[in-house]
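Note sheet for the following structure.
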Amino acid sequence: MTSSKILHAVIPLVADLAQELPERERLRRLLAALRTLLPADAVALLRLNGEWLEPVAIDGLVPDTLGRRFKVAEHPRLAQLLAAGQAMRFAPDSPLPDPYDGLITTQGELHVHDCMGCVLQTGGLAWGLLTLDALEPDRFAGDNALELLQAFSNLAAATVATAERVQQLSQAARSAAAPAPRSPGADRSRQILGTSPAIRQLQSSIALVSASDLCVLITGETGTGKELVAQAVHAQSPRAAQPLVSINCAALPDNLVESELFGHVRGAFTGALSERRGKFEQAQHGTLFLDEVGELSLAVQAKLLRVLQSGQLQRLGSDREHQVDVRVIAATNRDLAAEVQAGRMRADFYHRLCVYPVVVPPLRARDSDTLVLAGCFLEENRARLQLGGLRLDAAAQAALLRYPWPGNVRELEHCISRAVLKALSRTLGQRKDSARPRMLSIGEEDLWDGAAAAPLPPGQQATGRIVPLPVADVADGPVASAETLGLRAQVERYERQLLSASLARHHGNWAAAARELQLDRANLQRLAKRLGVERSSLG
């Protein structure tokens with residue numbers, strides 16, 4: 001029975017893997033095949049990166065799960081699965097907290113649920129984990145559930161190894177010079193998260209230009225993550241093992257700019273008691289990141305021209321020339337072409353910087369990436385405040401998606417941190433004991449206050465995303481007022497309206513509607529079933 005079930009699921013998947021598929025689609029099909037074997041409400045594939053487990057594919061979990069990073073030491077279930085080295089199942093009454101509590105798409109309040117998982121190994125080393133969760137305590141109680149999962153893990157390991165090999169070959173084709181290897185988990189700096197077309201285009205540009213030594217000019221609105229892009233360019237370049245030196249041009253006093261950039265000799269000015277290397281020499285063989293480069297004065301721009309052109313510089317107070325080998329990356333939120341027209345920037349300096357322009361998209365153009373980023377910030381706050389779990393309720397998710405985020409990712413980060421503190425304070429105020437809640441739910445009321453930006457006014461549209469419509473439903477007749485419906489009911493009516501409208505536009509095609517709404521097709525069909533939306537009812 002076990003062999004036949006595995007073959008029934010594996011044969012079509014093997015045929016899929018013979019095709020040239022994007023990594024995300026390959027892994028999605030892997031999880032879909034697993035759910036045909038085992039009746040899980042949610043499955044996840046997590047990659048081990050040092051002491052962290054990072055979700056790379058999910059099915060049945062809320063979108064913000066992809067933005068979360070689970071530190072193994074803080075999640076005993078994940079630690080036990082890694083230590084077991086084989087498929088194992090937790091007892092339904094296990095007291096250990098589950099990292100996915102509150103994150104299963106069909107889950108409202110916290111429920112006791114069944115959980116099991118298996119280590120994936122490639123090359124004799126642990127690559128990551130496959131985890132399965134179910135809401136009913138005995139869903140995985142069958143005699144052969146662990147045997148099925150263990151057998152399937154071999155195919156899963158081969159799939160992820162194939163996906164990584166394809167990615168490595170693609171990178172090698174873009175550049176013959178391989179970047180210096182990075183130790184797993186050594187760098188826990190922020191990553192560029194998201195799967196929207198805008199962010200995929202950005203990642204493609206980063207991969208393309210990283211292999212070269214061209215000057216890169218990164219532009220974008222404030223808070224979009226320009227410094228993160230600069231770090232990614234350096235990390236993927238052949239200079240990755242050498243230093244990345246950053247300097248905020250806006251914070252440099254005019255009388256110290258030359259000293260900071262080029263260095264000085266003893267006695268060059270009052271207080272210069274010893275010789276000092278500047279940022280260019282500190283970045284020798286590496287990368288120099290000039291943040292807020294549009295703030296440099298015309299005089300400093302003129303002095304930078306020579307080092308950008310030939311790599312030659314003179315320390316302040318010295319006649320001796322120094323040769324440097326530095327790759328320059330600059331960033332600004334200004335329109336530098338307009339600055340040139342206005343006479344505030346030299347045209348020759350601008351053209352030497354803007355050899356390869358990279359535009360970082362605003363958050364409002366990144367669609368559902370908002371929830372992925374929110375998941376990252378939620379997990380950071382959970383670890384910092386030592387909470388059992390954090391989740392966004394449906395109303396909070398809808399509010400995050402419809403707000404235009406003029407402050408971009410930075411504003412979203414601050415909004416999430418503020419909301420967590422407000423929700424925690426409210427919850428502790430309602431409890432008689434001092435114990436912190438095992439699960440903390442963030443509602444829309446926690447996101448906004450007088451000091452923060454308010455949600456969109458009625459009728460105002462946010463570019464590039466779905467805009468809320470009046471509380472009505474295609475199949476529900478008259479519009480109901482806010483006074484007659486609770487918050488959750490209003491959210492469900494809004495979801496039902498969006499889903500029905502999308503299916504109607506695509507003539508009942510589930511796959512097309514799923515692409516438009518940026519949901520997995522199976523998740524969309526389960527949501528439609530829960531909301532009572534049927535394709536046959538659309539006419």
Side-chain angles (χ1 to χ4, degrees), residues 61-69 102-103 189-196 198-199 220-229 333 360-429 436-437 439-458 460-468 487-488 490-491 494-495 518:
L61 294 168
V62 294
D64 68 64
T65 308
L66 284 174
R68 298 179 184 242
R69 301 294 182 267
L103 302 182
S189 61
R190 292 271 176 83
Q191 301 177 22
I192 299 176
L193 298 175
T195 57
S196 64
I199 213 66
E221 298 176 8
T222 181
T224 52
K226 295 183 289 295
E227 184 174 1
L228 200 60
V229 172
N333 58 13
V360 185
L363 186 54
R364 63 181 173 274
R366 294 176 54 182
D367 304 315
S368 59
D369 285 354
T370 301
L371 296 182
V372 175
L373 290 163
C376 173
F377 301 141
L378 284 169
E379 186 62 22
E380 289 179 357
N381 280 277
R382 185 207 62 77
R384 182 165 58 246
L385 297 174
Q386 299 182 336
L387 298 171
L390 282 171
R391 65 184 293 270
L392 293 167
D393 68 18
Q397 293 182 44
L400 292 178
L401 286 173
R402 70 174 179 262
Y403 182 63
W405 300 108
N408 292 291
V409 180
R410 184 184 296 118
E411 183 185 8
L412 173 62
E413 178 185 5
H414 295 166
C415 177
I416 293 296
S417 298
R418 184 171 57 246
V420 172
L421 286 178
K422 290 175 63 179
L424 179 60
S425 174
R426 184 187 68 249
T427 303
L428 290 179
R436 296 194 171 194
M439 173 59 59
L440 187 63
S441 184
I442 309 297
E444 183 177 4
E445 68 278 8
D446 299 312
L447 297 175
W448 323 109
D449 58 29
L456 278 176
Q460 181 178 337
Q461 296 194 357
T463 304
R465 62 175 74 250
I466 297 171
V467 180
L487 178 61
R488 184 168 300 279
Q490 292 184 59
V491 171
Y494 173 54
E495 289 177 332
Q518 298 183 15

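Quantities reported herein were computed from a predicted structural model and do not represent experimental measurements.
Considering only heavy atoms from C-beta on, Leu390 stays 4.5 Å or farther from Phe377 through its side chain. With contacts defined as side-chain heavy-atom distances shorter than 4.5 Å, the pair Leu387/Val420 qualifies. Using a 4.5 Å heavy-atom threshold, the side chains of Leu421 and Leu385 count as touching. Side-chain atoms of Asn381 and Arg384, non-hydrogen and from C-beta on, do get closer than 4.5 Å to each other. Side-chain atoms of Leu61 and Leu66, non-hydrogen and from C-beta on, never get closer than 4.5 Å to each other. Looking at Val62 and Arg68, their side chains never come closer than 4.5 Å, going by heavy atoms from C-beta outward. When side chains are defined from C-beta on, Ile416 does not count as touching Glu380, because their heavy atoms never get closer than 4.5 Å.
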For this session: Starting from the C-alpha separation in whole Å, work towards a yes-or-no answer on side-chain hydrogen bond (donor to acceptor under 3.5 Å, both in side chains) for Asp367 and Ser196.
Result: CA-CA 7 Å; Asp367 304 315; Ser196 64; 5.6 Å; no
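Under the 3.5 Å distance criterion, the side-chain polar atoms of Lys226 are left unmatched by any main-chain donor or acceptor of Val360. The main-chain N or O of Thr195 is found under 3.5 Å from a side-chain atom of Asp369 such that the two form a donor-acceptor pair. Panel note: side chain Glu411, backbone Gly223; no donor-acceptor pair is recorded below 3.5 Å.
Taking a cutoff of 4.0 Å between a charged side-chain nitrogen and a carboxylate oxygen, Glu379 and Arg382 qualify as a salt bridge.
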